[in-house]
Every structure is written in C-alpha cells, then in structure tokens.
Amino acid sequence: MDPLVELKAAFLEECDELLAALEARLAKLRDGSTSMDDINGAFRAIHSVKGGAGAFGMPALVQLAHVFEAALDHLRAGRIAPAAAPYELFLRALDQVGTLVSAARQGNALAAPADLVLDLQRVGLSAAPGGSQAPEAAPDLAIPAQSGPIQIALRPNLDLFRRAIDVRHIFAGLEAMGQLRVKTRIGGLPSLREINPQNCHLMFDLELESEATDQQLAEVLELQLGPDEFAIARNAAPVVAEPPARLIEPSPIVLTQSQPDPGPVSAPPPIPMEAPAPAPRIKAAAASSIRVDLQRIDRLMNLVGEIVITQSMLDQRLLSLPTAATMQIADGLQILSRQTRELQESVMAVRAQPVKNVFQRMPRLVRELCQALGKQARLQIIGEDTEVDKTIIEELADPLTHMIRNALDHGMETPDERRAAGKPPEGLVTLQAEQRSGRIVISVSDDGRGINRDRLLAKARARGLITASERPAPEEIDALLFHPGLSTAEAVTDVSGRGVGMDVVKQNVEALGGRVLVASEPGKGARFTLLLPLTLAVMDGMIIRSSGQRLVLPIASIRETLQSADTTIECLPGGHEFLRHRDRLSPLVRLGEVLNFGRSNDEQVILMTETDRGSQIGLWVDEIIGQQQVVVKSLETSYGAVPGASAATILGDGLVALIIDVDSIPSICAPAILALRTATHPTQLQ
C-alpha cells in the first residue's frame, strides 16, 4: 500500500478522536465552564485537524477548520465571553467537519457550506471593535495586530517535506495569534544540479505582532516542528517582507529576496538559533503510542484463541499418559497456561477502550431532545472510564441513543407535569457503566413517570400479541417494549413513536452476546440495563457433564456448588422441584432435561447460579469435570440459535461443547418458577 495512503487513513482516524475531544470541550464550555484548559483544548483540536487536512490535500476541510479555528480564537483571546459564545454554531461546524472527514474517508470530495463559513467569519467581525456586519467575502482572515514585535527564526530540517509538513500551516497557526510578516531566506539553496527536491533548504525569519506568550507560540510551532527547528526572541531587528500566502489560497508562497546576491547585506541578519535567553518551552511528556490496524489485533486475538485450544488439547492428552512420565510435562504446561492467560489479557487490554468515547456524545443529544420536546432534563454520567472491547464500543452508540430518546420522550414528564407530581421541573437521566462479575453493565435510568403498563398491554392485545384472558406479570409486560412496531406513544413524532427504537436496541445487544433488562416503578421512573460480555473472545468456564453431554458454565455465574445428597429438595404439585438453602427457596432445574438432552439418573451435583436479575437457580448436573479457559465461538453464524446456549467452544479433544446462557434458563423453565412463586410467600423467593 502507498505509505501516503496509510498516513492519510491514520490521520482520518485521529480526526475522529480530535472531534470527539472537541465536542467534549464545547459541551463543558456550554455547561458553564470558563476553564482555559477547555478553551485551549478546543482550539488545539480543530487546529490539528486543519494542519493534517492541508498536508493531505483536503482544501474544503482546511477552509472550514480555519474559519472555525479563527472563531474559537476570539473565545481564547477573551474577545468573546464563554457565556456569550455561539455554541450552536460551533456544534454545527463540528458536525460539518465530521461530514467532511467521513467523505474523505470514502474518497468523496465535498465543499464546505458557504453559509456556515460566513457565519463563522461573522463571529470574528462581531467580536472586533466596530464590526457590525459581514461583507460578502472575507479573504483576509488574519487577526489584527495586538502588541509587541516577536522575532521567530524557522530553520527546518532537510526532511521537512518528507514529513508531509507545509510551512503555510505553520504560518496560519501563528497568523491566528496576531499580524504576521515573513521573510524567506534562500541564500543556502544548492545549485540546480545538486539540489534534491525532496529536501527543504528554505529558512524563514518571521515577525509577529501579538500578545501571545512564548509558551503559546511554542505550542503552535511544536505541532509540526522539532525544538531544534525554531527559536523565539523579542524586540529584535524587524523583518521587512510580504505577508504569507493564505492557507485557503491555492497559490504557493512567493519566495522573495532583496538583492541577487544573497550575502549578509541583502537581508536582515537571521536570528541565531543560539539566541541569547531563548524563550523557555515546556513540553508535556506524552506517552509513546503506535496506531495499529484493528484487523491485525483481531488476527492476534484469534491466534491466542487457537493457543488456548491447543493447550487444552495437550492437557487432555497428558491425562492419558502414566503419572511418572508426566510430572515435568505438567509443570511446563502450567507455565504455558499462565503465560497464555497473560498474553490473552494483554491483547484484550490493547483492544479495550473507555466508554467515554461514546458517552461524551450523549449530553448534546439530551440538550437537543429537550429543546425539541419542550422538556427540562440533565444527564448524569457515571463510570465513563470503564473499559470495554473496541468491537462492543463501536456498537453501543445506536442502543444508547434509542434508550435516551425513549427515556426523554416516553418517560420524562413536562415541567408542569413534574411540578404537579411534586417533582423538580428538571428531570434527571443517568447513564452509568461498570464491570460486574465478568460483564460490562451499562444502564440508562430516569426519574420520570415510568412505563405505562396499561397502555402497553392494551396495544399488545389490540395487535393480538396477548389474548384477553392472559394476565402477564409486570416484567413480562415491560418486555413487550422490545417487540417490533409496539410503542406507547400516542402519536408518531420526529423523535419516536414508530416502535422500532427498542427493537433495534435488543437486536444490537443480542448480536454482541448480551441482553437487555428493564425495570420500572410507576411515577418514579424506569431503568434499562445492557449486560454485555467483557470480551468476545475468551472466557473462564466450568466444564460439566449433564445427560451424557459436556457443557460449559461461565465461572462468573456460579455462586456455590452443592452435593445433591446433602441438600433438601422438595417437590411441588406438577413435579416442579425446588430446594431450601441458606434460608432461601430456589427453583431446581435438571439441566440436561431442560436442554432436551433427556433426563439423567446420575445427577449428583447442584450448581447454585445467579442470573442478571439477581435471582438464584439451582442447576442439577451429573458431575464437574474441571475449570479452564475456553474460546467463545458464535453459534448463530456457524449453526443457528440454540435455546439455553449463548455460544459454543472447542474442547481439548476437538469436540464442540455448548456454553450455557444462565440468564435465559428462567424463561425456559418459566412454569416451574411460576409454580414456586404461587406456592410460596413472595418474600421467601430469591
């Protein structure tokens, strides 16, 4: 592949991160922050986008980023107060920059919207003294001079061009800080025969009228130059030269020279790189990093999975050898097992990303929905640093968007309704992420009116989903929200009402091997919880045998193991079994029978498992074979959905074993659980 194409792809990926950081900074400023860190962070983000866009020949992106940067600079320079900044305009510009980045990624060329460019230019004119209205065109985007001449010597290294750096972008960054004059020094050019067009032999003497500090200047210069390629001095001899070529103009910089002879008389003396008392530059220590194609990491993860399978195969074959001959081999396999686990955890850590990358898009969504719906609400974010596999991160945006739309449109009352109900006019939506028992748990909750179960049930009966004689439990009614085309909205709006949002949530989450739970209390709100696997590749499992079949149970779901001979087992009318343990009553399920493998007469072990809803179920199995890491293989892509199983794995002997989905067992054995609920006091059942 062309190295330039790879660099461009890396830059476009970096743009996504820069725009996400820019949106987060703008959100903080809009919410009342006056921190210069937020203001400078927003400025630097769009400045970095602009610099890279120019290097890769994206003029529309350069133009929009430049005027966006100039508008933000008025905020940075204090000409616009943070509370008075046009954040809606900034967010429009942010969206359009993202559109241009997406178009560039697909190889399409879009133009920057002229009206948006003019609106951003008007920000500068309205901030300037006496600026009342914008002209039709604003070719000069330079900010007027501030104060104090600053002399800057640029002495780029020979590899400047090979680093894909255009000095005009450096000039534009300085020009945004004040009035800039440039003198190009070409006295060091070699002869035409000796010149290498890939080397940079140009040097520049700059004079800047600005109030910027030396550290601010160094930050701009160090974006593209090394510390040894420039020097800053104040009150030196002035530079007499023409202004630099504008960044948005197609014409190159015109090299100027005062006399044919490039001797010391023909031009002002350069500022020596060893200028006395150069401005101190504080360079932040940045962590060393490298960008790697995700497909390479996926291949590495697949190889780790194959190593885990091979290790299981070796363990299996070791059991068939005489004990005396296997001691040293067993020690080696234990070391291999530990190293394989460390390798797997390291690869998972490489793939992990904080959910912050998705969560930080949601405050803006809440604000826009509140404006569209005439409601008041604020978003509380908890656990945004929780790390999740990148594959899962990429699929979270749509489910979270639909759940927040649902919470605000259906769940949240209007300010008048909330006052009448004794609530504050502003509602609260909480977005929370945490790791729990080997899973990622993400929840969206609100303090609104809760789910209108009567309306939901009536609509389900009208569509024939439930008969008039059926009396479903509250949680069964809530689950109807995920049925395609079913909605509690009275009318279809731009926000919701077509009954497709929560259906999309369920499909996306189940495709990731997770599930969605819903809980609601009338008048107090609702909570939607996404339960997602920590990784899609490897898990710790307990190998068991039931009805002659080897199965795998996730270790995180097992709370306790019991011997059936030492446990009190009781039977209800209809043959439903339950057990009493630690002052609790729990349904008892013969696992092989529930999975249609047939009833076993050799069940000796009961595994006490806990579902995501917190309820306990006893799984009656024949025996526990052992614990090991297993590689998760999708059933649906290779075979098809199997009730009671979430995935499959390959054991050491090469045979396939099902991975049991403990959370789906209650729905399979619902009659037994219902019988236990009916026969016992509700508070006894856990």
Side-chain angles (χ1 to χ4, degrees), residues 297-351 437-438 533-564 591-592 595 597 600 602-609 619-635 638-639 642 645-662:
I297 300 178
D298 288 340
R299 287 195 294 270
L300 183 59
M301 198 70 199
N302 290 336
L303 285 174
V304 171
E306 295 301 323
I307 292 173
V308 171
I309 294 174
T310 304
Q311 176 199 325
S312 300
M313 179 190 68
L314 293 174
D315 288 336
Q316 186 80 18
R317 294 183 179 180
L318 188 65
L319 296 176
S320 62
L321 298 177
T323 305
T326 61
M327 294 299 294
Q328 292 183 344
I329 300 177
D331 291 342
L333 284 177
Q334 286 184 354
I335 296 174
L336 175 63
S337 175
R338 184 176 64 253
Q339 293 172 340
T340 301
R341 179 178 291 274
E342 291 176 358
L343 177 61
Q344 176 239 328
E345 291 175 351
S346 297
V347 176
M348 285 176 56
V350 171
R351 290 180 56 93
S437 300
L534 189 60
T535 177
L536 304 179
V538 181
M539 60 171 285
D540 289 318
M542 184 74 77
I543 313 299
I544 61 173
R545 189 185 305 279
S546 181
S547 300
Q549 301 290 327
R550 284 180 301 174
L551 306 168
V552 179
L553 270 176
I555 289 290
S557 300
I558 301 175
R559 289 290 169 263
E560 193 173 359
T561 60
L562 308 172
Q563 292 294 323
S564 57
L591 187 58
L595 297 177
F597 293 142
S600 172
D602 194 27
E603 292 160 331
Q604 301 178 7
V605 180
I606 296 175
L607 299 170
M608 296 302 298
T609 61
L619 300 181
W620 208 348
V621 301
D622 296 348
E623 64 173 329
I624 296 175
I625 297 176
Q627 176 184 344
Q628 71 177 57
Q629 276 192 316
V630 296
V631 180
V632 180
K633 301 289 186 179
S634 172
L635 271 172
S638 304
Y639 174 73
V642 176
S646 60
T649 188
I650 301 175
L651 298 179
D653 56 4
L655 297 180
V656 175
L658 295 177
I659 299 176
I660 302 303
D661 183 4
V662 175

Taken to the nearest 0.5 Å, the spacing of Gln563 CD from Ile606 CD1 works out to 9.0 Å
When rounded to the nearest 0.5 Å, the distance separating CD1 of Ile650 from OG1 of Thr310 is 10.0 Å
Residues pairing under salt bridge (Lys or Arg N to Asp or Glu O under 4.0 Å) where one sits in residues 542-551, two or more places apart or in two chains, turn out to be Arg545-Glu623, Arg550-Asp653
CD (Gln311) and CD (Gln334) are apart, to the nearest 0.5 Å, by 10.5 Å
For Leu607 and Thr561 the tightest heavy-atom approach is CD2-CG2, 3.2 Å
**Request:** Decide yes or no on side-chain contact (heavy atoms from CB on, under 4.5 Å) for Ile544 and Leu591, but give the supporting numbers first.
**Result:** CA-CA 10 Å; Ile544 61 173; Leu591 187 58; 3.7 Å; yes
Donor-acceptor pair, distance only, cut-off 3.5 Å: does the side chain of Ser557 make one with the backbone of Leu553? no
Practice prompt. Please test Arg341 against Asp540 for side-chain contact (heavy atoms from CB on, under 4.5 Å), starting from the C-alpha separation and ending with a verdict.
Written response: CA-CA 10 Å; Arg341 179 178 291 274; Asp540 289 318; 2.8 Å; yes
Donor-acceptor pair, Ser337 side chain versus Leu333 backbone, under 3.5 Å? no
Open item on the list: The test is side-chain contact (heavy atoms from CB on, under 4.5 Å); show your working for Val552 and Leu658 and say whether it passes.
Closed with: CA-CA 6 Å; Val552 179; Leu658 295 177; over 6 Å; no
- [ ] With side-chain contact (heavy atoms from CB on, under 4.5 Å) as the test, would you mind laying out the steps for Ile624 and Met542 before giving the verdict?
- [x] CA-CA 7 Å; Ile624 296 175; Met542 184 74 77; 3.5 Å; yes
All heavy atoms of Leu595 vs all of Leu551, minimum pair found to be CD1-CD1, 3.9 Å
Rounded to the nearest 0.5 Å, the CG atom of Leu336 sits from the CD1 atom of Ile329 at a distance of 12.5 Å
Sorted by chain and number, sequence neighbours left out, side chain to side chain donor-acceptor pair (under 3.5 Å) with Asp315 holds for none
Trp620 and Gln604 have their tightest heavy-atom pair at NE1-N, 4.0 Å
Scanning both residues in full, the closest heavy-atom pair of Ala657 with Leu651 reads CB-CD1, 3.7 Å
> Does Ser546 reach the main-chain N or O of Val621 with its side chain, forming a donor-acceptor pair under 3.5 Å?
Replying inline: no
| Less than 4.5 Å apart, any side-chain heavy atom of Leu619 and any of Ile558? | no
